[in-house]
Asker: 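Take this structure first; my questions come after.
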Amino acid sequence: MDETSRTRDAVRAYVESAEQRDWQRLSDLLTENMVYELPQSRERIPGRSAFMQFNKEYPGDWHLQVRRIVADGRHAAAWIDACVGNEHQDACMWFEFSDDGLITRVVDYWPESYDPPSGREHLVERW
């Protein structure tokens with residue numbers, strides 16, 4: 001399997017693991033010093049541990065489904081159907097990978113800017 005195919009498979013596994021709340025599988029896809037960014041709320045979560053806690057504590061009954069993945073080498077973009085309760089939104093996620101195929105950076109774009117919910121200040125840096 002070539003690098004682009006491995007990248008595409010890893011992005012699909014990332015979304016599926018999050019959807020299934022399979023936290024160990026999700027964690028295994030990430031480097032220890034990975035970074036997760038949400039430009040619309042100007043938040044950055046440094047490190048796998050904080051990112052995993054962020055996901056475990058994320059409020060609401062949310063669901064993710066891949067619509068499309070575009071990959072090239074160690075980079076990928078995913079068009080995601082995100083659902084929270086009865087509300088559907090499109091999201092776009094950008095991924096960067098290490099030489100050994102682990103995710104080093106995720107930038108998660110949502111359609112509208114918003115102020116982040118309270119209670120996660122201990123996990124994020126605002127910019």
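All values derive from a computational prediction rather than experimental measurement.
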Asker: Mind checking the CD-OG1 spacing from Glu96 to Thr7? Nearest 0.5 Å is all I need.
Answerer: 11.0 Å
Asker: With a cutoff of under 4.5 Å between side-chain heavy atoms, which Ile, Leu, Val, Met, Phe, Trp and Tyr residues group with Met1?
Answerer: none
Asker: Within a radius of less than 6.0 Å around CZ of Arg6, do more than 12 heavy atoms belonging to other residues, nucleotides or ligands occur?
Answerer: yes
Asker: Taking Thr104 for the side chain and Met34 for the main chain, is one N or O donor matched with an acceptor at less than 3.5 Å?
Answerer: no
Asker: Determine whether Tyr14 and Trp23 fall in the same hydrophobic cluster, where Ile, Leu, Val, Met, Phe, Trp and Tyr are linked whenever their side-chain heavy atoms lie under 4.5 Å apart.
Answerer: yes
Asker: Please confirm whether the backbone N or O of Ser17 pairs with a side-chain atom of Glu19, one donor and one acceptor, at under 3.5 Å?
Answerer: no
Asker: Using the side-chain contact (heavy atoms from CB on, under 4.5 Å) rule, take Gln89 and Ile80 through it: C-alpha gap first, then chi angles, then the decisive distance, then the call.
Answerer: CA-CA 8 Å; Gln89 290 187 331; Ile80 304 295; over 6 Å; no
Asker: Between Trp62 and Arg21, is there a cation-pi geometry (under 6.0 Å to ring centre, at most 45° from the normal)?
Answerer: yes
Asker: So how far is it from His63 NE2 to Gln20 CD, rounded to the nearest 0.5 Å?
Answerer: 12.0 Å
Asker: Would you say Met52 ends up clustered with Val35 if hydrophobic residues are merged whenever their side chains have heavy atoms under 4.5 Å apart, either directly or through other cluster members?
Answerer: no
Asker: Mind checking whether Leu123 and Phe51 sit in one hydrophobic cluster, side chains of I, L, V, M, F, W, Y counted as touching below 4.5 Å?
Answerer: yes
Asker: Linking I/L/V/M/F/W/Y whenever any side-chain heavy atoms sit under 4.5 Å apart, do Val70 and Ile103 land together?
Answerer: no
Asker: According to side-chain hydrogen bond (donor to acceptor under 3.5 Å, both in side chains), does anything in residues 27-39 pair up with another residue at least two apart or in another chain? List the pairs.
Answerer: Gln24-Asp28, Thr31-Asn33, Tyr36-Asp108, Glu37-Arg44, Glu37-Arg105
Asker: About how many Å separate SG of Cys83 and CG of Leu64, when rounded to the nearest 0.5 Å?
Answerer: 9.5 Å
Asker: Any chance you could pull the hydrophobic cluster mates of Trp94, using side-chain heavy atoms under 4.5 angstrom and chaining through other members?
Answerer: Val107, Tyr109
Asker: What's the separation between atom CD1 in Ile45 and atom CG in Leu38, rounded to the nearest 0.5 Å?
Answerer: 6.0 Å
Asker: Going by atom types alone, do Asp100 and Ser98 pair a side-chain donor with an acceptor below 3.5 Å?
Answerer: yes
Asker: In terms of heavy-atom contacts, does CG of Asp72 have more than 12 from other residues, nucleotides or ligands at under 6.0 Å?
Answerer: no
